[in-house]
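Here the structure comes first, spelled out in structure tokens, and everything after it is commentary.
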Protein chains: 2
Amino acid sequence: MATPANSADEGARPTLAQVAARAGVSASTASLAFSGAGPVAEETKQRVLAAARELDYGGPDPRARSLRTGRSGIIAVVMEDRIRDAFRDPMVVTMLDGIADEIGAAGYSLLLLTDSLERQQGGLRDAPMDAALLLGCSTDLDPAVAVLSRRQVPLIGVEAQAREGMHLVDVENRAGMRAGAQHLHDLGHRRVGILTLPMDRPHTRGALTADWETSSVAYTGRERLAGVRDVFPDAPAVVAAGSLPEEGALAARTLLDAHPDLTAIVGQSDLIALGAIQAAEERGMTVPRDLSVLGFDGARIDGLTDRRLTTIVQPSVEKGRTAARMALAALAGEPVTSVVFPVELRLGDTTAAPRG
Amino acid sequence: MATPANSADEGARPTLAQVAARAGVSASTASLAFSGAGPVAEETKQRVLAAARELDYGGPDPRARSLRTGRSGIIAVVMEDRIRDAFRDPMVVTMLDGIADEIGAAGYSLLLLTDSLERQQGGLRDAPMDAALLLGCSTDLDPAVAVLSRRQVPLIGVEAQAREGMHLVDVENRAGMRAGAQHLHDLGHRRVGILTLPMDRPHTRGALTADWETSSVAYTGRERLAGVRDVFPDAPAVVAAGSLPEEGALAARTLLDAHPDLTAIVGQSDLIALGAIQAAEERGMTVPRDLSVLGFDGARIDGLTDRRLTTIVQPSVEKGRTAARMALAALAGEPVTSVVFPVELRLGDTTAAPRG
DNA sequence: CTGAAAGCGCTTACAG
DNA sequence: CTGAAAGCGCTTACAG
């Protein structure tokens, strides 16, 4: 006993037991004083808190608590992409904001994960979590879903293929795109091209072939594609490598090179559509006079452009909030119902009747 | 025993002990088979893995492991702002990307936290974490630092006031801004205004008074301010409510209304500077002919503008990587040294000699 | 209102 | 190479 009896060893975190001992109460009582989960005399409670202060005790260790209670207080958000790419998508960011809001209010914290399983340790396989939200547009969630279901983590998929045991938050991707395409058709367009979201995991760029289309497991991209195809069955499509303006521009160049006679382009996201506008203007076309451009998302893209994009508006914050609430409900043992959010065509200044 | 002996109870996660029993080995051996932390005969290992598959065992429970090992595998990133606002800042996003890369490679996951301590439970106080990175520009980290030090979590501050027990990653905010201001001075500017980052927690907008300046604890903003003041001691400043173009524009309007004779504006971030350009153009000024504008960050702001902003470039990804590596080093018990990154003036097309 | 006891599911010395 | 034992730091019935 070289150290004074009334001070914790240097560097060693004090424990609840030490606090209890110092306060002259049992561990159970000390625990109750912190959690408030049971009746403790106010005076006793103050004694415990004082002892904690004296020992510089930072509160019950979350690791021990979580083993005991079976809860970690963590909800994971699983994304496909590199964080950097994901965060450049306003839809992801607003959704995340809705999620953080909702789970934060419930006392949970947000763990950011990618669905990569390459590494042996860490990530999906090992991170503590009480529930997981699998986020949008992922091209192949199956391995991640397998790992997490085995861990018995409640799963909420946002815009994901339906899967056994996974609750879903979806938006009317197909119907929304159909409405947008119909709007173009009503304006008189007949030669319409499509710029799609990534269709495979490596995010390959290029013209979408029939084979590629059939083999793709990219949920959102396929749904939105189907919506356009409901109106323009043979519309040519080029795949963008991401929901980014520069990718949209790249894909639009490919599309316009191959199909210079297009009078309208449908982008599967607003950022992609924005890139298409850039590409069109580069080659001297005026939007919407020479080319109509339609987006999807209704993103708030301040500073990006002064155009009002004609687009399909989806409630991204609400999507995030709902996904989070579904996770919380699942954790509370309440029944969880999958949800499909409606979308809405919003007319801007980027679509018009074709020339001539 | 109503359930078959060879199946786990419905809904109950199997444990390592059950797997071990089924494989006919001890729990210790089964643990080793999963962790690889000790020698296990290949055949034994396969038997354990087979048993795990049969019981649909998802691997050792992270909660128990983390109590036992004292590690949670989680590194927290603490931000001041709402997630939504933080993510709109390219500096935050790129830094986060560097952080995620580095800690992911080391098998750690990233927990996103705000430094709010309003709620009684959850967040900083209760979330499991092995280390925490406190992220930039925060106006008042003290309460968060207090809570986390008591928990004995190793702390890395990025652009934060030096504090007992916290390692620091900083950039040459003051020297960088001084160089930028000197550049303006060399061009002949004498009437220069400043648009600052938030100076208090509520993110109050408005002209920066001497009192306000003195009482502010916003580290980054104060440093950058000092840099400009080194060259232009009396430059008037207006505080923006965030590092966003619209906030920059708002602040610039206030600044230009009060000081219509300014020939140059220094924004404390690129996004703020961008807003200043917008505001200037709104009132018919041409940049840089009628007004020079200088930024800070060297952010990649694709799509936002086709201007090449004159700015102070800082290595944001590297900042994130370094902060992450420092956390990992601290966890490994290695010595940690604080770092200050140099910055560099990059000339663009938004600064020029004043007219006349 | 308080305390004694059990146990959450692992991993890690240690002995063999 | 394998097993028996201890214990990480809590919380929660339960008894008083």
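Treat the numbers as computed from the prediction; the structure is a model and nothing was measured. When reading the values below, keep in mind they use all heavy atoms of this one structure, side chains included, and skip hydrogens, waters and symmetry mates. Per chain, numbering begins at 1; letters A, B, ... match sequence-line order.
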Return the minimal non-hydrogen interatomic distance between A:Ser109 and B:Leu111, and the atom names on each side.
-> CB-CD1, 3.8 Å
Hey, which sits more toward the 5' end of DNA chain D by its nearest nucleotide, B:Val40 or A:Ala37?
-> B:Val40
If you check the B:Val25 side chain, which of C:dT11, D:dG3, D:dT11 turns out closest?
-> D:dG3
Could you say whether B:Leu32 or B:Arg63 is positioned toward the 5' end of DNA chain C, judged by the nucleotide with the nearest heavy atom to each?
-> B:Arg63
For the pair A:Arg13 and A:Asp56, find out whether any cationic side-chain nitrogen is under 4.0 Å from an anionic carboxylate oxygen.
-> no
Quick one: A:Glu43 CD to C:dC1 C1', roughly how many Å, whole number?
-> 12 Å
Between A:Glu318 and A:Arg325, is there a salt bridge with N-O shorter than 4.0 Å?
-> yes
B:Leu67 has a side chain; which of D:dG3, C:dT11, D:dG9 sits nearest to it?
-> D:dG9
Roughly how many Å is it from CG in B:Leu16 to P in D:dG7, rounded to a whole number?
-> 20 Å
Could you point out which residue of A:Leu113, A:Ile103, A:Leu110, A:Val77 forms a side chain to side chain contact (heavy atoms under 4.5 Å, CB included) with A:Leu133?
-> A:Val77
Residues A:Asp126 and A:Arg151 bridged, charged N to O under 4.0 Å | no
Measure the shortest side-chain to side-chain distance between A:Val340 and A:Val169 over non-hydrogen atoms and say whether it is less than 4.5 angstrom.
-> no
Minimum-distance nucleotide (side-chain atoms of B:Ala41 versus D:dC1, C:dT2, D:dT12) | D:dC1
Rounding to a whole Å, what distance do you find between B:Glu42:CD and D:dC1:P?
-> 10 Å
By nearest nucleotide on DNA chain C, pick out whichever of A:Ala27 and A:Pro39 is the more 5' one.
-> A:Pro39
Between D:dG9 and A:Tyr57, is there an OP1 or OP2 to side-chain N/O distance shorter than 4.0 Å?
-> no
Indicate yes or no: at least one non-hydrogen side-chain atom of B:Val145 is less than 4.5 angstrom from one of B:Leu155.
-> yes
Please determine if B:Arg163 and B:Asp142 form a salt bridge, counting it only when a charged side-chain N lies under 4.0 Å from a carboxylate O.
-> yes
From CZ of A:Phe34 across to P of D:dC10 the rounded distance in Å is 9 Å
Just checking A:Ser28: base, sugar-phosphate only, or nothing, at a heavy-atom cut-off of under 4.0 Å?
-> base
If each of B:Thr29 and B:Arg68 is mapped to the nucleotide of DNA chain D with the nearest heavy atom, which maps nearer the 5' terminus, i.e. the 5' end?
-> B:Thr29
Under-4.0 Å side-chain N/O to phosphate OP1/OP2 contact, B:Thr44 with D:dT2 = yes
Taking atom P of D:dT12 as reference, at what distance in whole Å does atom CZ of A:Arg71 sit?
-> 11 Å
Just compare D:dT2, C:dG3, D:dC10 and give me whichever is closest to any side-chain atom of A:Thr15.
-> D:dC10
Is B:Pro60 touching bases, backbone alone, or none of the nucleic acid, heavy atoms closer than 4.0 Å?
-> sugar-phosphate
Tell me: CZ of A:Arg151 to C1' of C:dG9, nearest whole Å?
-> 14 Å
B:Asp126 CG to D:dC10 P, straight-line distance once rounded to whole Å = 12 Å
Whole-Å distance, A:Gln18 CD to D:dG9 P, equals 8 Å
Under-4.0 Å side-chain N/O to phosphate OP1/OP2 contact, A:Arg65 with D:dT11 | yes
Its dot-bracket string being built from Watson-Crick and G-U pairs below 3.5 Å, with | for another strand and [ ] for crossing, DNA chain C has the pattern |||.||||||||.|||
